[in-house]
Structures are given as structure tokens and as C-alpha cells.
S.K.: 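Below is a structure I'd like to ask you about.
Per chain, numbering begins at 1; letters A, B, ... match sequence-line order.
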There are 2 protein chains.
Amino acid sequence: MRFGDHIRNVRETLRKGDKKYSLRQVAIRVGVEPAYLSKIERNVFPPPSEEVIGKLSAELGEDRDVLLAMAGKLSGDLQQVILERPRLFADLIRQMKEAPDQAILRVVREVRDGNW
Amino acid sequence: MRFGDHIRNVRETLRKGDKKYSLRQVAIRVGVEPAYLSKIERNVFPPPSEEVIGKLSAELGEDRDVLLAMAGKLSGDLQQVILERPRLFADLIRQMKEAPDQAILRVVREVRDGNW
DNA sequence: TATAGTGTGTAGTACATTATACACACAATG
DNA sequence: CATTGTGTGTATAATGTACTACACACTATA
């Protein structure tokens with residue numbers, strides 16, 4: 001599914017329970033022109049900037065990284081982490097490319113629990 | 001050190017052993033205007049595109065990911081890997097942010113050796 | 001039925017990115 | 001000493017990114 005379709009789906013779903021989720025009102029709360037959001041939702045315009053996607057994710061209760069991914073963008077803070085140790089993280093990510101979800105989850109947990 | 005300085009250093013070093021590494025000749029082999037490479041090396045222009053950096057890294061025998069990092073860019077193929085499973089990789093990277101190099105290396109080796 | 005709210009069409013803008021083209025002065029080489 | 005090669009200055013451009021402004025027709029509400 002495209003970025004715009006997803007935003008529209010989520011917003012329309014929220015709207016059923018709360019009239020505050022009209023395109024116009026969401027646009028204003030997020031800080032963009034309603035016409036702009038309209039075009040984004042219909043995929044007439046490409047997804048907006050990272051900043052706007054961030055506000056949109058907060059507003060709609062969606063995962064920021066997932067929305068960014070649907071927009072083909074990678075969060076700036078994650079990029080920063082990688083760019084500080086490029087060789088290490090390049091290896092890590094390329095190694096994890098083929099790994100099953102389970103394996104990645106296990107690594108995350110192990111590192112979080114301090115097993116290193 | 002800035003991107004341009006590094007490129008100039010590496011190129012000038014190579015040049016001492018081989019006259020083929022003049023700015024002009026490298027530029028031509030890489031496929032850009034010499035004047036452009038000149039500006040890049042003096043940081044008059046920002047670093048070039050990922051594509052040009054790729055060719056430059058091959059030409060100068062430098063690590064592609066490191067050069068890209070110096071340019072503030074993240075390799076497109078790495079982005080792809082992350083964007084396919086954004087939640088998983090976002091967690092992984094944020095978890096690894098504070099981890100010492102050793103820990104990351106260990107994980108890379110363990111996964112490579114199939115210990116999962 | 002006036003008014004307020006809704007989504008959208010058309011048009012235009014500001015800025016960044018990623019370069020090219022050409023001319024020039026200087027150095028090296030045959 | 002003419003030619004070839006060198007790095008650089010100035011000017012320009014094509015494309016992409018990320019929007020705004022405004023008018024319009026339709027719908028719901030009071």
C-alpha cells in the first residue's frame with residue numbers, strides 16, 4: 001500500500017469515532033495546507049518531509065519509523081547512528097539482511113539485557 | 001576531516017606513485033568535469049552524489065560506506081534493507097547506538113557463523 | 001436557507017541538489 | 001619554445017523537494 005492510501009485509511013477510521021479527524025483539521029494541526037494533505041492522501045504529491053511525517057504519526061497514533069518507511073525515508077536519527085560508525089553498522093545491517101525476524105529480535109533483547 | 005580534504009589527501013598520496021592520479025585524470029575516469037572535482041576537493045561544492053562517490057571509492061581504493069558517511073550519506077542498499085523491516089531494524093540500531101564496537105563485532109560474527 | 005465546514009483543482013514559489021561549459025593562468029615536457 | 005597537461009574561477013542549468021495561496025463546488029448544520 002502507498003503512503004497516501006494508508007494515511008487516508010487511518011484518518012478516515014479515526015474520523016468515524018471523532019469528527020476532529022477531517023482532512024482539514026488534521027492538516028491544520030499538523031501544520032500544512034489542507035490542499036497539500038489532500039494531494040498527499042491521493043498520491044498526487046509524494047510523501048511530505050520527515051518533519052511533517054513525524055507530526056502526522058503523532059497525530060494519527062502511527063509508528064513513526066513505519067510511516068517513514070512507507071514514504072521511502074529513513075529517520076535522520078537512525079542515519080546519524082549509522083554514519084558515526086559506518087563500517088561497523090554497514091557490516092551489521094548487511095549481515096542482518098537475510099536473518100529471520102526472530103534472530104534480529106533475539107539480538108535486540110540480548111543486547112538490551114546486557115548480555116555482552 | 002571534511003570529505004573534500006580526504007579525497008584530495010588520498011588522491012595526492014596515490015599520485016606520488018602514479019601520475020595517473022592527477023585531478024583531471026581521476027575526474028575523467030570517474031566521469032565528472034575536472035572543475036567539479038576541483039571544487040569538491042576544496043569543499044567549495046558539497047560532496048557529489050552517491051553514484052559518483054561510489055566510483056570515486058573504487059578509483060581511490062577507499063571504503064565506499066566510509067566515504068559516503070563522510071559525505072553525510074547512507075548507502076541506498078543499506079537503506080533498502082532497513083526500510084523493508086523498519087520496526088525491527090529501528091529497534092536494532094537504536095539498541096546498538098550505545099553498544100561498544102566489540103559488542104557489535106561479536107553480533108556480526110555470531111550471526112555470520114549461524115549461531116542463531 | 002444562510003453559514004460553516006469539507007475536499008480538491010490550478011497555479012506558482014523557494015530552495016537544495018547535482019552537476020556542466022568555457023576560459024584562464026601556470027607548469028611540465030618534448 | 002611550442003605543446004600538452006594542470007588546477008581553478010565564473011557563469012549557468014536541469015531536476016527534485018517541499019511546499020503555499022486561492023478559488024471552487026459540494027455537504028452538513030443551525
S.K.: If you pin Leu23(B) and Gly31(A) to their nearest nucleotides in DNA chain D, which one's is more 5'?
M.R.: Leu23(B)
S.K.: Between dG7(D), dT20(C), dT6(C), spot the one nearest the side chain of Ser22(A), thanks.
M.R.: dT6(C)
S.K.: Spell out yes or no: do the side chain of Lys39(A) and the base of dT10(C) have one donor N/O and one acceptor N/O closer than 3.5 Å?
M.R.: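 Answer yes: a donor N or O sits under 3.5 Å from an acceptor.
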S.K.: From the list dA18(D), dT8(C), dT20(C), which nucleotide is the closest neighbour of the side chain of Tyr36(A)?
M.R.: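 Shortest atom-to-atom distance from the side chain points to dA18(D).
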S.K.: Considering just the side-chain nitrogens and oxygens of Arg11(B), establish if one lies under 4.0 Å of OP1 or OP2 belonging to dG7(D).
M.R.: yes
S.K.: Lys19(B) side chain N/O closer than 4.0 Å to the phosphate oxygens (OP1, OP2) of dA27(C)?
M.R.: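 For dA27(C), OP1/OP2 do not have a side-chain N/O of Lys19(B) under 4.0 Å.
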S.K.: Check the pair Ile7(B), Leu67(B) against side-chain contact (heavy atoms from CB on, under 4.5 Å), reporting the backbone distance first and the verdict last.
M.R.: CA-CA 9 Å; Ile7(B) 297 295; Leu67(B) 281 194; 4.1 Å; yes
S.K.: In chain order, what residues pass the ring-ring contact (aromatic ring centres under 6.0 Å, His included) check against Tyr36(A), with sequence neighbours excluded?
M.R.: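 Tyr36(A) satisfies ring-ring contact (aromatic ring centres under 6.0 Å, His included) with Phe45(A) only.
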S.K.: Under 4.0 Å, counting only non-hydrogen atoms across every strand here, what does Gln25(B) touch: a base, just sugar-phosphate, or nothing?
M.R.: sugar-phosphate
S.K.: Between dT6(C) atom P and Glu12(A) atom CD, what is the distance in whole Å?
M.R.: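 Distance check: Glu12(A) CD to dT6(C) P gives 12 Å.
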S.K.: Reckon Lys20(B) has a side-chain N or O less than 4.0 Å from the OP1 or OP2 of dT6(D)?
M.R.: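 No, outside the criterion.
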S.K.: Under 4.0 Å between a Lys/Arg side-chain N and an Asp/Glu carboxylate O for Glu59(A) and Lys20(A)?
M.R.: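 Looking at Lys20(A) together with Glu59(A), the answer is no, because their closest N to O distance does not fall below 4.0 Å.
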S.K.: Which nucleotide wins on minimum distance to the side chain of Ser38(A), given the candidates dG7(C), dT8(C), dT20(D)?
M.R.: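 The closest nucleotide is dT8(C).
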S.K.: dG7(C) C1' sits how many Å from Ile7(A) CD1, rounded?
M.R.: 17 Å
S.K.: Side chain of Arg8(B) only, please: which of dT8(D), dG9(C), dT20(C) is the nearest?
M.R.: dT8(D)
S.K.: Whole angstrom is fine here: how far is it from CD1 in Ile28(A) over to P in dG7(C)?
M.R.: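 Atom-to-atom, Ile28(A) to dG7(C), this comes out as 10 Å.
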S.K.: Got a salt bridge between Arg94(A) and Asp77(B), using NZ or NE/NH1/NH2 to carboxylate O under 4.0 Å?
M.R.: yes
S.K.: Once you round to the nearest 0.5 Å, how far does CZ of Arg29(A) lie from CG of Leu56(A)?
M.R.: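 Rounded to the nearest 0.5 Å, the CZ-CG separation comes out at 10.5 Å.
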S.K.: dT20(C), dG9(D), dT20(D): which one has an atom nearest the side-chain heavy atoms of Glu33(B)?
M.R.: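 For Glu33(B), the side-chain atoms sit closest to dT20(C).
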S.K.: Nearest of dG7(D), dA21(D), dG9(D) to any side-chain atom of Arg42(B)?
M.R.: dG9(D)
S.K.: Rounding to an integer number of Å, can you tell me how far Tyr21(A) OH sits from dT6(C) C1'?
M.R.: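 Computing the Tyr21(A):OH to dT6(C):C1' distance gives 18 Å.
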S.K.: Can you find a side chain N or O atom of Arg24(A) that sits less than 4.0 Å from OP1 or OP2 on dT27(D)?
M.R.: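 Checking dT27(D) against Arg24(A), no side-chain N or O comes under 4.0 Å of OP1 or OP2.
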S.K.: Going by number, which of residues 44-67 of chain A have a non-hydrogen atom under 4.0 Å from DNA chain D?
M.R.: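 Listed by number, they are Phe45(A), Pro48(A), Ser49(A), Val52(A).
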S.K.: In terms of heavy-atom contacts, does CZ of Arg42(A) have more than 12 from other residues, nucleotides or ligands at under 6.0 Å?
M.R.: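 For Arg42(A), atom CZ is crowded (more than 12 foreign heavy atoms under 6.0 Å).
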S.K.: Would you say that Lys16(A) contacts Tyr21(A) through its side chain, given a criterion of any heavy-atom pair below 4.5 Å between the two side chains?
M.R.: no
S.K.: Hey, are the side chains of Val32(A) and Lys55(A) touching, using non-hydrogen atoms and a 4.5 Å cut-off?
M.R.: no
S.K.: When you check the phosphate oxygens OP1 and OP2 of dG5(C), does a side-chain N or O of Arg15(A) lie under 4.0 Å from one of them?
M.R.: no
